[in-house]
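Take a look at the structure below.
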Amino acid sequence: MSHEEDRARMVKNLQRSGYVKSKEVAEAMTAVPRHVFVPRRARGNAYADRPLPIGEGQTISAPHMVAMMLEKLDLMEGLKVLEIGGGSGYHAALAAYMVGEEGLVVSIERIGALAERAREVLKETRLEQRVVMVVGDGSLGWEKKAPYDRIFITCASPQIPPPLMDQLKDGGKLLIPLGSLHLQTLVLALKKGNKIKKKSYGGCMFVPLIGEYGFS
Ligand code: SAM
């Protein structure tokens, strides 16, 4: 079976299980190839619904978790998005696809080698012009392009890093796995003036956010 067929089947399964709900997320996950973002030796499993190692002790999240996060973020054309935990670049590529040519995704990755590889793969998918891949501590955000319409964190954090809330637009949404090193809850925070309204979406397990406002 070709990668395209495997990918179409993955999207269908995610729709059946309710993780993919909107046509926008279905289109993005059908268009963006996951296999090019995983190391060659793992490509046979690229469309299985599970996390995979991407080197440096890090992982690309399982497709159902990626889909669930994209649905909660409610991405649309023209938005400016910040991702913390760029990893392979796959989640950033999907977000870039959804925000279109007028949108922008800034993705921060702590490990330089992963960011470098993600940049190369993004070129292959022709989405690199919509993604700025930055190396650094994402718990500090990236002031240069702030404020952001959406911020999502793809690693586990003990708190919402204050700089990220500061860099979120009024009316913006931030999605983060909050909790301990071993178990977190996916939390969506809505910013309205100086108020933050939070909604929880169940348990999840991510690798840790390592940085000033994460785990040390
Ligand atoms: N979104 C990624 C993808 O599509 O492949 C998967 C992210 S992986 C689950 C989490 C990533 O967060 C790892 O690559 C890790 O190096 C990164 N990370 C951890 N702490 C970070 C920090 N303070 N700033 C930026 N990235 C960080």
Side-chain angles (χ1 to χ4, degrees), residues 1-77 81 83-100 103 105 107 109 111 113-131 133 150 152-156 175-177 184 186 201-208:
M1 204 178 267
S2 70
H3 285 308
E4 286 69 25
E5 287 168 321
D6 281 346
R7 191 155 67 249
R9 197 157 58 161
M10 173 190 81
V11 174
K12 212 165 238 167
N13 286 339
L14 291 172
Q15 284 174 314
R16 241 182 248 136
S17 49
Y19 290 107
V20 169
K21 297 181 197 302
S22 64
K23 87 171 187 341
E24 288 79 7
V25 172
E27 267 174 31
M29 292 190 86
T30 302
V32 176
R34 187 173 189 252
H35 66 275
V36 297
F37 290 92
V38 304
R40 240 165 241 288
R41 64 183 179 283
R43 286 193 178 167
N45 290 320
Y47 295 103
D49 190 14
R50 57 168 128 130
L52 292 169
I54 53 170
E56 311 290 332
Q58 305 303 321
T59 53
I60 179 173
S61 306
H64 76 270
M65 184 50 68
V66 173
M68 191 170 154
M69 291 181 78
L70 290 172
E71 292 288 359
K72 304 281 173 249
L73 282 166
D74 187 23
L75 297 176
M76 55 193 91
E77 295 211 352
V81 178
E83 176 191 35
I84 313 303
S88 68
Y90 176 62
H91 213 150
L94 289 164
Y97 184 92
M98 292 180 74
V99 299
V105 177
S107 180
E109 172 50 53
I111 300 172
L114 292 181
E116 192 45 51
R117 181 159 189 284
R119 283 191 198 109
E120 280 167 25
V121 181
L122 283 161
K123 265 188 216 152
E124 269 179 55
T125 58
R126 304 221 182 100
L127 287 163
E128 89 274 15
Q129 276 166 2
R130 303 180 201 172
V131 182
M133 186 62 71
R150 303 285 188 267
F152 66 104
I153 295 90
T154 64
C155 28
L175 189 62
I176 184 166
Q184 307 94 39
L186 190 63
Y201 288 101
C204 53
M205 262 183 76
F206 280 82
V207 296

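All residue numbers in this chain count up from 1 along the given sequence.
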Show your working on side-chain contact (heavy atoms from CB on, under 4.5 Å) between Leu127 and Val32 and close with a plain yes or no.
-> CA-CA 9 Å; Leu127 287 163; Val32 176; 4.2 Å; yes
Of all heavy-atom pairs between [X] and [Y], which one has the smallest distance, and what is that distance?
| X | Y | value |
| --- | --- | --- |
| Leu122 | Val131 | CD1-CG1, 3.8 Å |
| Lys123 | Glu128 | CA-OE1, 3.5 Å |
| Tyr201 | Lys72 | CD2-CE, 3.3 Å |
| Ala46 | Val38 | CB-CG2, 4.1 Å |
| Ala67 | Met29 | CB-SD, 3.7 Å |
| Pro63 | Leu14 | CB-CD1, 4.0 Å |

Which is it for Glu56 and Leu114 under the side-chain contact (heavy atoms from CB on, under 4.5 Å) test, yes or no, and what are the steps along the way?
-> CA-CA 8 Å; Glu56 311 290 332; Leu114 292 181; 3.9 Å; yes
Backbone N or O of [Y] within a donor-acceptor pair of the [X] side chain at under 3.5 Å?
| X | Y | value |
| --- | --- | --- |
| Thr154 | Gly85 | yes |
| Arg43 | His35 | yes |
| Ser88 | Tyr90 | yes |

Quick one: does [X]'s side chain get under 4.5 Å of [Y]'s, heavy atoms only?
| X | Y | value |
| --- | --- | --- |
| Asn13 | Asp49 | no |
| Phe37 | Thr125 | yes |
| Ile153 | Leu175 | no |
| Phe206 | Met65 | yes |
| Glu5 | Arg9 | no |
| Ile60 | Pro51 | no |
| Ile84 | Glu109 | no |
| Val20 | Met68 | no |

Working for side-chain contact (heavy atoms from CB on, under 4.5 Å), residues Glu77 and Val99 | CA-CA 4 Å; Glu77 295 211 352; Val99 299; over 6 Å; no
To the nearest 0.5 Å, what is the distance between [atom1] on [X] and [atom2] on [Y]?
| X | Y | atom1 | atom2 | value |
| --- | --- | --- | --- | --- |
| Glu24 | Glu71 | CD | CD | 8.5 Å |
| Met69 | Cys204 | CE | SG | 7.5 Å |
| Arg34 | Asn45 | CZ | CG | 9.5 Å |
| Leu73 | Glu83 | CG | CD | 10.0 Å |
| His91 | Phe152 | NE2 | CZ | 4.5 Å |
| Arg117 | Met133 | CZ | CE | 11.5 Å |

So, His3 and Tyr47: side-chain donor and acceptor under 3.5 Å apart, yes or no?
->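 No donor-acceptor contact under 3.5 Å links the two side chains.
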Going through the distances and angles, do Met98 and Met76 end up as a side-chain contact (heavy atoms from CB on, under 4.5 Å)?
-> CA-CA 6 Å; Met98 292 180 74; Met76 55 193 91; over 6 Å; no
Just jot down the salt bridge (charged side-chain N to carboxylate O under 4.0 Å, His left out) partners of Arg7, sequence neighbours excluded, or say none.
->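 Checked Arg7 against salt bridge (charged side-chain N to carboxylate O under 4.0 Å, His left out); zero matches.
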Does Glu124 have any salt bridge (charged side-chain N to carboxylate O under 4.0 Å, His left out) partners at least two apart in sequence or in another chain, and if so, which?
->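 Checked Glu124 against salt bridge (charged side-chain N to carboxylate O under 4.0 Å, His left out); zero matches.
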With a 4.0 Å cut-off, would you call Arg119 and Glu116 a salt bridge?
->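 Salt bridge flag = yes for Glu116 with Arg119.
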